[in-house]
Amino acid sequence: MVSRPEVCFTAVVNKAPLGRTGLSVSRLCLGTMQFGWTADERTSFAILDAFIEAGGNFVDSADIYSYWLRGNHGGEAERILGKWIAARGNRDDIVLATKVRGRMWPGPTGEGLGRAHIIRACEESLKRLQTDRIDLYQFHWFDESVPVEESLRAIEELVASGKVRYVGCSNHPPERLREGLAAAAEHGLPAFVSLQPHYNMVHRAEHEAETQAICLQHCLGVLPYSPLAKGFLTGKYERSGPKVKSSRANAVKEYATEQGWATLEAIREVARSRSTTPTAIALAWTLARPGVTAPIVGANTVEQLREQLQGERLRLD
């Protein structure tokens with residue numbers, strides 16, 4: 001068991017309804033992709049403790065986290081999260097979300113959104129998370145090889161058995177989002193209650209063009225991932241400065257465009273005028289966008305989480 005550190009925050013994270021569900025979630029969602037990757041178990045426990053003490057209650061994971069690290073096979077983040085839930089005995093106090101779609105075992109049913117994969121993957125996630133239910137089970141990305149009706153019927157089985165409460169989706173373009181909502185309405189199946197789009201101050205057009213309007217129309221919760229553009233909007237990168245040692249240093253290249261640098265400079269100017277950080281400004285902006293419920297933030301240290309929490313308290317004109 002990992003001991004609980006003495007961490008105290010003055011920040012109190014507000015709550016908001018998740019779409020049309022009965023779930024009340026914190027306005028920041030703690031992502032766990034770093035757990036078992038750039039944050040070891042002890043550090044992950046400390047981050048989770050700090051998030052809860054600050055008033056957070058919404059935690060997001062995925063079964064594939066973090067298969068990309070040598071020696072990992074997926075499920076590492078869920079295992080750490082499950083051990084923390086068991087150690088703290090706080091399952092009823094958190095809204096637990098995870099995702100399904102990626103390859104988790106060999107063979108034809110080892111990945112995808114077919115019934116066989118969803119049912120088995122859910123069972124395995126429940127074991128790793130040491131819980132009997134998942135509050136929000138999300139399709140990590142769409143599967144063009146499987147009719148969405150089949151995927152939603154698998155979710156219907158899981159809802160009926162009490163293992164899943166609600167279904168959401170991530171990385172779904174507008175046509176796939178509409179298709180899923182229509183299939184649920186036509187066949188009386190569980191409907192998406194949320195969307196995780198890639199959305200931040202640099203990467204805006206994809207969500208704002210169509211999916212934003214769909215989410216508003218259907219009252220879907222919007223949970224933007226990468227609201228800090230993989231760290232680019234924190235201000236730690238410079239256009240012509242020395243390279244920053246970071247596990248995501250190469251990943252930020254997609255944001256390091258003329259528009260990206262101009263956006264970052266504007267954020268820095270506003271941050272200076274408000275005596276705060278670019279991180280807080282970027283998160284406050286995302287929180288203020290139409291329909292946004294809770295941006296998903298990730299931290300490698302408690303100090304990083306502390307800085308991110310300031311964004312939830314900040315109000316921009």
Side-chain angles (χ1 to χ4, degrees), residues 1-15 18 23-69 71-100 104 120-138 140 158 161-166 223 225 247 294 296-309 312:
M1 179 182 295
V2 178
S3 61
R4 182 169 182 168
E6 294 298 325
V7 180
C8 182
F9 289 112
T10 57
V12 176
V13 180
N14 294 311
K15 304 294 192 297
L18 177 62
L23 301 175
S24 178
V25 299
S26 48
R27 292 299 315 278
L28 289 180
C29 176
L30 181 63
T32 62
M33 186 172 71
Q34 288 87 350
F35 294 180
W37 177 27
T38 54
D40 62 18
E41 183 177 301
R42 181 178 293 275
T43 302
S44 301
F45 271 47
I47 291 167
L48 285 160
D49 287 336
F51 182 66
I52 297 302
E53 290 180 17
N57 75 336
F58 194 12
V59 183
D60 177 74
S61 194
D63 57 5
I64 64 171
Y65 297 164
S66 49
Y67 75 88
W68 49 84
L69 184 65
N72 283 2
H73 302 285
E76 286 77 19
E78 287 185 334
R79 287 190 190 93
I80 291 174
L81 181 53
K83 290 180 68 174
W84 174 79
I85 291 171
R88 302 296 182 252
N90 62 358
R91 176 63 186 89
D92 292 339
D93 299 326
I94 63 172
V95 177
L96 182 59
T98 193
K99 297 183 283 293
V100 59
M104 290 298 292
R120 176 176 167 182
C122 180
E123 294 287 355
E124 295 189 359
S125 284
L126 288 170
K127 290 177 183 177
R128 288 189 291 266
L129 292 166
Q130 300 192 45
T131 184
D132 62 348
R133 68 201 183 279
I134 295 166
D135 296 310
L136 180 64
Y137 202 37
Q138 303 155 104
H140 207 157
L158 294 171
S161 65
K163 295 173 182 176
V164 166
R165 295 185 66 185
Y166 298 101
L223 315 172
Y225 71 83
S247 61
I296 300 172
V297 298
N300 291 318
T301 65
V302 171
E303 289 69 28
Q304 285 183 353
L305 177 65
R306 186 195 299 270
E307 183 179 0
Q308 292 167 356
L309 288 169
E312 197 275 337

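Keep in mind the model is a prediction, meaning the values are calculated, not measured. Note: hydrogens, waters and symmetry copies are ignored here, and every other heavy atom, side chains too, is used. Starting from 1, each residue takes its place in the sequence as its number.
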Check: Does the side chain of Thr38 come under 3.5 Å of the side chain of Asn300 through a donor N or O and an acceptor N or O?
Finding: yes
Notebook entry, point to check: Are Asp63 and Glu124 close enough that some pair of their side-chain heavy atoms sits under 4.5 Å apart?
Noted result: no
Notebook entry, point to check: If you round to the nearest 0.5 Å, how far is CZ of Arg42 from CZ of Phe45?
Noted result: 9.5 Å
Item checked: Heavy-atom closest contact (Cys122 atom, Lys163 atom, distance) -> SG-CB, 4.5 Å
Item checked: From Glu307 atom CD to Glu303 atom CD, the distance as rounded to the nearest 0.5 Å -> 10.5 Å
Note to self: Counting only heavy atoms not in Lys83 (residues, nucleotides, ligands), do more than 12 fall under 6.0 Å from its NZ?
What the structure shows: no
Check: Closest approach of Met33 and Tyr65, non-hydrogen atoms and distance?
Finding: CA-CD1, 3.6 Å
Check: Once you round to the nearest 0.5 Å, how far does CG of Leu28 lie from CG of Asn14?
Finding: 9.5 Å
Next item on the list: With rounding to the nearest 0.5 Å, note down the distance linking CD1 in Ile134 to NZ in Lys99.
Entry: 11.5 Å
Next item on the list: Of all the heavy-atom pairs spanning Ile94 and Asp135, show the shortest one and how long it is.
Entry: O-OD2, 3.5 Å
Note to self: Keeping Asn57 on the side-chain end and Lys15 on the backbone end, is there a donor-acceptor pair under 3.5 Å?
What the structure shows: no
Item checked: Step-by-step side-chain contact (heavy atoms from CB on, under 4.5 Å) determination, Leu18 to Leu223 -> CA-CA 9 Å; Leu18 177 62; Leu223 315 172; 4.0 Å; yes
Notebook entry, point to check: Between the side chain of Thr98 and the main-chain N/O of Ala62, is any donor-acceptor distance below 3.5 Å?
Noted result: yes
Checklist line | Least distance between heavy atoms, Phe58 atom then Ser26 atom | finding: N-OG, 3.3 Å
Check: Is Ser66 reaching over with its side chain to a backbone N or O of Trp68, donor-acceptor style, under 3.5 angstrom?
Finding: no
Margin query: Are the side chains of Thr131 and Leu126 in contact, using a 4.5 Å heavy-atom criterion?
Written below: yes
Next item on the list: To the nearest 0.5 angstrom, please state how far the CG atom of Leu48 sits from the OG1 atom of Thr32.
Entry: 8.0 Å
Next item on the list: Indicate yes or no: does Arg91 engage Asp132 in a salt bridge with an N to O separation below 4.0 Å.
Entry: no
Item checked: Side-chain heavy-atom pair Ile47, Gln304 within 4.5 angstrom cut-off -> no
Checklist line | Exercise: identify the closest heavy-atom pair between Asn90 and Trp84 | finding: ND2-CH2, 3.1 Å
Item checked: Step-by-step side-chain contact (heavy atoms from CB on, under 4.5 Å) determination, Arg88 to Ile52 -> CA-CA 11 Å; Arg88 302 296 182 252; Ile52 297 302; over 6 Å; no
Next item on the list: Flag the pair Arg79 / Glu76 as yes when at least one side-chain heavy-atom distance between them is below 4.5 Å, and no otherwise.
Entry: yes
Check: How far apart are the C-alpha atoms of Gln130 and Ile85, what are their side-chain angles, what is the distance that settles it, and do they pass the side-chain contact (heavy atoms from CB on, under 4.5 Å) test?
Finding: CA-CA 7 Å; Gln130 300 192 45; Ile85 291 171; 5.8 Å; no
Note to self: Just by distance, no angles: are the side chains of Glu78 and Ser125 close enough, under 3.5 Å, to form a donor-acceptor pair?
What the structure shows: yes
Margin query: On a heavy-atom basis, which atom in Ala299 and which in Gln308 lie closest, and how many Å separate them?
Written below: CB-OE1, 4.3 Å
Margin query: I need the single residue from Leu81, Asp60, Leu136 that forms a side-chain contact (heavy atoms from CB on, under 4.5 Å) with Leu96. Which is it?
Written below: Leu81
Margin query: Do Thr43 and Phe35 have side chains that approach each other closer than 4.5 Å (heavy atoms only, starting at C-beta)?
Written below: no
